[in-house]
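Since the structure is predicted, the reported quantities are computational estimates derived from the model, not experimental observations. Chain letters run A, B, ... following the sequence lines, proteins first and then strands; every chain starts at 1.
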2 protein chains.
Amino acid sequence: MNDVTTKSKILTAARQLFVENGFSGTSMGKIAKLAEVNYSLLFHHFGNKEQLWVAVKQSIARDAANKSKTLPLSNLPFKEFLSQLMANSIKFYRDNSEIIRMINWQRLEPAEQSIGVTLSTESNEWLDAIKHYQHIGNIDKELKPEFIITLILSIVSSAALDPNVLIKDKKDLKAYVDFCVIGLLKAFR
Amino acid sequence: MNDVTTKSKILTAARQLFVENGFSGTSMGKIAKLAEVNYSLLFHHFGNKEQLWVAVKQSIARDAANKSKTLPLSNLPFKEFLSQLMANSIKFYRDNSEIIRMINWQRLEPAEQSIGVTLSTESNEWLDAIKHYQHIGNIDKELKPEFIITLILSIVSSAALDPNVLIKDKKDLKAYVDFCVIGLLKAFR
DNA sequence: CTTAAAATTGACTGATCAGTCAATCATTTT
DNA sequence: AAAATGATTGACTGATCAGTCAATTTTAAG
């Protein structure tokens with residue numbers, strides 16, 4: 001029953017290699033070697049490569065779920081709310097590059113079953129927060145909350161994920177976030 | 001000298017498979033089979049797998065360059081300019097999903113040399129257009145043109161690329177683009 | 001202590017992988 | 001017509017791939 005150790009050693013190694021090289025770029029042999037574990041044990045503990053891939057995705061998703069809480073409190077002034085929302089989201093993306101890579105692999109590689117890694121299951125909470133700020137007059141009530149969320153999310157994800165030529169260091173990023181917050185305030189009023 | 005036909009048959013097949021499955025997800029054998037060409041000919045015409053991969057990237061980049069022109073004319077009213085810019089860009093992304101997939105493969109898979117497929121080399125023209133609209137008073141002169149471009153680009157790329165739960169059909173997209181244009185007009189003033 | 005169950009090992013399979021090579025075929029040059 | 005050049009073929013290599021299996025060791029239960 002050294003099972004926990006061995007199984008988790010395999011999972012850790014698989015996670016690292018799958019995140020780095022994707023499904024078809026990773027071989028069971030390399031996973032076994034990295035985990036310092038007999039090759040056959042991978043199949044004993046996980047069945048086959050695809051089941052191991054699924055297990056890795058679930059493991060990453062579980063970790064991500066525990067670290068979420070990107071949404072600030074709705075009793076903040078709207079400007080602060082926006083500012084924190086963007087900062088939190090960008091930090092979340094930055095801190096969870098594993099998930100990001102995994103999501104991107106999942107998008108590109110032939111989809112067996114896309115259950116597993118996803119982002120922003122908290123959409124409903126976002127919607128509620130937006131509606132709240134519409135109700136107290138910070139956001140034009142004519143604007144569709146779905147559009148507002150989509151807009152914010154696309155800004156945030158690009159800022160955090162895309163390697164941007166125009167925004168190089170952290171100072172630039174901070175300035176850019178401020179620029180966006182001020183712009184969004186005007187846009188939504 | 002049936003070279004043109006054979007070589008291009010290989011390139012076409014390779015392009016399809018590389019775009020679908022990436023570098024390590026594609027085998028030379030499958031390319032040969034799809035191209036209906038002798039296996040050894042791939043090496044005779046392209047050297048090895050990586051050189052074929054590079055050739056495919058160049059081929060895609062070349063095609064994309066010919067189809068660019070996403071930038072509207074700067075003598076349009078700013079609102080029309082923004083509107084057309086977003087529509088053109090989204091259409092460009094939609095029409096060139098091959099390039100998009102290739103860029104994403106390139107981002108994920110171990111980078112040998114990232115020459116080849118890239119987007120928005122026209123950044124300078126974008127900058128000039130923004131500065132022009134700042135000069136004639138449509139955009140606040142205090143705002144950094146780089147930030148403005150980054151913002152527009154991130155909105156556009158997300159709208160075109162990310163599978164969005166909240167925006168399903170073309171009507172939604174059109175409405176969303178209008179929403180963004182109006183918002184950006186207010187934000188930049 | 002005995003026995004059953006689980007963990008671990010190493011040897012093995014057949015398929016596929018990228019790449020080579022000498023021989024043949026087709027075309028062009030001289 | 002002869003020679004040279006390039007295109008094409010098929011047979012081959014050694015490495016790696018995912019996966020199997022029987023035998024052995026370790027651990028847990030009665």
Side-chain angles (χ1 to χ4, degrees), chain A residues 1-60 102 105-106 108-113 116, chain B residues 1-60 102 105-106 108-113 116:
Chain A
M1 243 235 252
N2 202 5
D3 183 39
V4 196
T5 321
T6 300
K7 200 169 177 179
S8 72
K9 271 202 284 185
I10 295 173
L11 199 67
T12 303
R15 183 163 161 165
Q16 181 184 324
L17 292 179
F18 277 142
V19 165
E20 267 171 30
N21 310 312
F23 182 79
S24 48
T26 302
S27 77
M28 297 296 267
K30 283 177 187 164
I31 295 174
K33 197 168 262 179
L34 180 63
E36 290 176 307
V37 142
N38 186 283
Y39 180 71
S40 302
L41 284 177
L42 309 208
F43 300 92
H44 178 256
H45 285 292
F46 292 95
N48 59 34
K49 191 181 176 185
E50 233 177 80
Q51 285 172 260
L52 178 52
W53 168 254
V54 170
V56 165
K57 287 200 287 189
Q58 286 171 345
S59 147
I60 291 178
M102 216 56 190
W105 281 121
Q106 209 177 221
L108 282 172
E109 288 182 328
E112 330 79 35
Q113 39 181 353
Chain B
M1 235 228 258
N2 201 5
D3 183 40
V4 196
T5 320
T6 301
K7 201 169 177 180
S8 71
K9 271 202 286 186
I10 296 173
L11 198 67
T12 303
R15 184 163 160 165
Q16 180 185 327
L17 292 179
F18 277 142
V19 166
E20 266 171 30
N21 311 311
F23 183 80
S24 47
T26 302
S27 77
M28 296 297 267
K30 282 178 188 165
I31 294 174
K33 197 167 262 178
L34 180 63
E36 290 176 308
V37 141
N38 185 284
Y39 180 71
S40 302
L41 285 177
L42 309 208
F43 300 92
H44 178 256
H45 286 292
F46 291 95
N48 59 35
K49 191 182 177 184
E50 234 178 80
Q51 285 173 260
L52 179 53
W53 168 253
V54 170
V56 164
K57 286 200 287 189
Q58 285 171 345
S59 145
I60 290 178
M102 215 58 190
W105 282 121
Q106 208 177 223
L108 282 172
E109 287 182 327
E112 330 79 36
Q113 37 180 354

Anything under 3.5 Å between a donor and an acceptor, one on a side chain of residues 34-41 of chain B, the other on a protein residue two or more places apart or in another chain? List them.
from	atom 1	to	atom 2	distance (Å)
N38(B)	OD1	S40(B)	N	2.9

Quick one: what's the B/S/- string for nucleotides 9-21 of chain C, heavy-atom cutoff under 4.0 Å, read 5' to 3'? BBB-----SBBBB

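- Using a 4.0 Å cut-off, no side-chain N or O of T6(A) falls inside it from OP1 or OP2 of dA7(C).
- Under the 4.5 Å side-chain criterion, counting only non-hydrogen atoms from C-beta, R15(A) is not in contact with L11(A).
- Taking atom NZ on K9(B) and atom C1' on dA7(D), their separation rounds to 12 Å, with Å as the unit.
- Between W53(A) and F18(A), the ring planes lie perpendicular to each other; the angle is over 60°, past the 30° to 60° tilted range.
- In this structure, L42(B) and A32(B) approach most closely via the heavy-atom pair CD1-N, 4.0 Å.
- T12(A) is not listed as a side-chain neighbour of K9(A), based on a closest heavy-atom distance of 4.5 Å or more.
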